[in-house]
2 protein chains.
Amino acid sequence: MASKVTIADVARAAGVSASTASVVFSGKIKVSDETAARVRAAAADLGYRGPDPRAASLRTGRSGIVGVVMTASLRTAFLDPIAIATMDGIVSSVAHLGAGILLLRDDGHTPAATEVPLDAAVIFGSHRESSELVKSLSERGIPVVTVEGDPTWGVPVISLDNADAQAQLAHHVAGLGHHEVAVVSLRWNSTAEPGFQSASEAPTIDFTRERLAGVREVFDNPIVFSARGSSVDFGIEAANAILDHHQPTAILAQSDLLAAGVIRAAIERGLRVPEDLSVTGFDGVVVDGLAPYQLTTMHQPAYDKGRAVGDALSRLLDGEVAPSVRFTCTFRPGNTTAPPGRSPVS
Amino acid sequence: MASKVTIADVARAAGVSASTASVVFSGKIKVSDETAARVRAAAADLGYRGPDPRAASLRTGRSGIVGVVMTASLRTAFLDPIAIATMDGIVSSVAHLGAGILLLRDDGHTPAATEVPLDAAVIFGSHRESSELVKSLSERGIPVVTVEGDPTWGVPVISLDNADAQAQLAHHVAGLGHHEVAVVSLRWNSTAEPGFQSASEAPTIDFTRERLAGVREVFDNPIVFSARGSSVDFGIEAANAILDHHQPTAILAQSDLLAAGVIRAAIERGLRVPEDLSVTGFDGVVVDGLAPYQLTTMHQPAYDKGRAVGDALSRLLDGEVAPSVRFTCTFRPGNTTAPPGRSPVS
DNA sequence: TTGTAAGCGTTATCAG
DNA sequence: CTGATAACGCTTACAA
């Protein structure tokens, strides 16, 4: 059996005090080489593997763990390249900070974020319902940052100029001469089924709503179909539903994955892209297997968003205030949009 | 400011002892409704949000955290649908166990797995270099399970019959009459560049080696090109390299994603699949956008592998022994293999 | 059903 | 540079 040896045992064996031994391991204070060596020898001898993180964290108040709370199932979340890139940014900035990432889900199953020794938390892919969680975390004194969350929660929000970015795309399409457009949106709220959405109802998921608003700045009353999430297959499903009933000359998808699905569906129906149907995406990710098409899309700095989360966290952890950050997307023209009007394929 | 209130404060305010208050929160022992109510009221009053997880974990020896150590960067790891499905299985089985997943990377940056309060650890996507980590974790008394790891580490291994499965595919192809075959392998070791590999050198990544061995059971000296990882684009790259210099009638890819890339590259070169080139995959995942092709492949139960990890962990945590589990892949015929010999496209 | 007592293994502080 | 002392906040036998 291992792990019954404590730092006190080591200290005793080395003939020093526990505090000295502790310092040898943490390296926070100078210790003479000789005693340090003696302590290390004793540790090796007894099979002591370093301070117990549980005890250390009780004493220091730091666990080295940052919770990332996701609203979607992990499987869904990890399907989305943007989520992954953002996570990647978070991970690397947080690693720099000496911490690791604990995956949490805001549901009944996973251990509550409040039952786990967190130094800080990130609420990721937020929905309205997260507000309670934010509150209880804050009350515990745990710094919270949110990605695309609600500004009214009173914690820093790392977000995108969703509406403006989507409006740029809409302007681009309008400038090409399109009038009949449809939107394939991301999830409408945390539970909704996919389907057509009337103009009157607003999505509760923030970025879905904002991007839609961007389209509406330009087009009065677009057809809107909300997909189940961001994937090629959901895009195919949405496009088929739309094209079964309508004849838009352009479809604006709220993600590149959805756009790729729209293109695939269009092609299978004998429509040419962009001659018969223009398609735009959102995200600016590389979609595996979409060539020779190059999506007309907005590129979002997902990785940088993740880094920004880490920066905010580190400020908060230092007791400073951290500002919200709103990133700007950049327009990336491709070959999937063109003026409308060429007649349907013969 | 919050979080300065301890359970002792609450107890005092409620006029009970700390232990009673503790029990009210843990619910492990009966407490009269009346006192429980008084304690809760006091807690609400003082803004006490429940026991501090750090202190609780020092006392109980449990943190509710399972570390998952990945060898690749998250970005890379999460590109692979198999990795995601396995993670998903781990997450759900571990959640059942009341624990969360801490993402760790076996490099210099992320906090060492030994500096964080883990109840157990999973070594995921193992390579030879992980053996030290396994050792130091075990010495701390932290149960370890590995996915596709090395049996000699002395911890349970959840794995696949890689060699047999790949051999089945090779037999299938041989049975069709192919003689000239090439292999597109997964990463050769943790650092290698993509490229042709001679027969003499063995990969240090276990499943790459095992699957290759499966091919070699059937074909003496296949051409081998090791890709940079598992993706459609890497498959395209590999196939182009192979087809530039060789004329195999079949290519066995070590993953479905790679196989999809091979198919795409072949088509772009004017080869018909399977008439001019047979292609097999490995994994049995749905590759977005591969239709109308249906890969001939081996299906691996990735999610179940993840569940098995959780099962093993929970046994280990209960002080029992956990057996290694080797899952069996199942052959899934598709339309990407056929007898060779039709002449090249005219 | 409730209270008492005794740590869990570290580390910060401060004096020597 | 080293050592004594005192928490960190909670849980759990055991006793009342």
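Naming: A, B, ... by sequence-line order, numbering from 1 per chain.
Screening B:T86, B:I101, B:V91 for a side-chain contact (heavy atoms from CB on, under 4.5 Å) involving B:V68 leaves a single residue, B:I101.
Atom pair A:E115:CD and D:dC10:P shows a separation of 14 Å (rounding to whole Å applied). A straight line from CZ of A:R140 to C1' of D:dC8 spans 15 Å, rounded to a whole angstrom. Nucleotide D:dA7 holds its C1' atom 18 Å from the CD1 atom of B:I7, rounded to whole Å. For the pair B:L58 CG and D:dC8 C1', the computed distance is 9 Å after rounding to whole Å. Atom P of nucleotide C:dT1 and atom CD of B:E34 are separated by 13 Å, given to the nearest angstrom. Between B:I29 atom CD1 and D:dT12 atom P the separation is 8 Å, expressed in whole Å.
Among the atoms of the strands shown, only primed sugar atoms or phosphate atoms (P, OP1, OP2) are found under 4.0 Å from some heavy atom of A:T35. Counting any heavy atom pair closer than 4.0 Å across all strands shown, A:S26 reaches no nucleic acid atom. Residue A:V16 is classed as a sugar-phosphate contact, given heavy-atom separations below 4.0 Å to backbone atoms only.
Side-chain N or O atoms of B:T20 include none that pairs as donor or acceptor with a backbone N or O of B:V16 at under 3.5 Å.
Side-chain contact between B:E148 and B:F124 is absent, with no heavy atoms from C-beta onward closer than 4.5 Å.
Place B:S17 and B:T60 on DNA chain C by their nearest nucleotides, and B:S17 ends up nearer the 5' end. Summary of the strand contacts: A:Y48 and B:A18 both lie near DNA chain C, and taking for each the nucleotide with the nearest heavy atom, the more 5' one is attributed to B:A18. Along DNA chain D, the nucleotide closest to A:K30 and the one closest to A:R59 are compared, and the more 5′ of them pairs with A:K30.
For the residue pair A:Y48/A:T6, the side-chain donor-acceptor check at 3.5 Å is not satisfied.
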Stepwise side chain to side chain contact (heavy atoms under 4.5 Å, CB included) check, A:I142 with A:D119: CA-CA 6 Å; A:I142 296 176; A:D119 287 348; over 6 Å; no
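In the interface, the side chain of B:S19 is paired with the base of C:dT4 through a donor and an acceptor atom under 3.5 Å apart.
Taking every side-chain heavy atom of A:T20 into account, D:dT2 is the closest of C:dT2, D:dT2, C:dT11.
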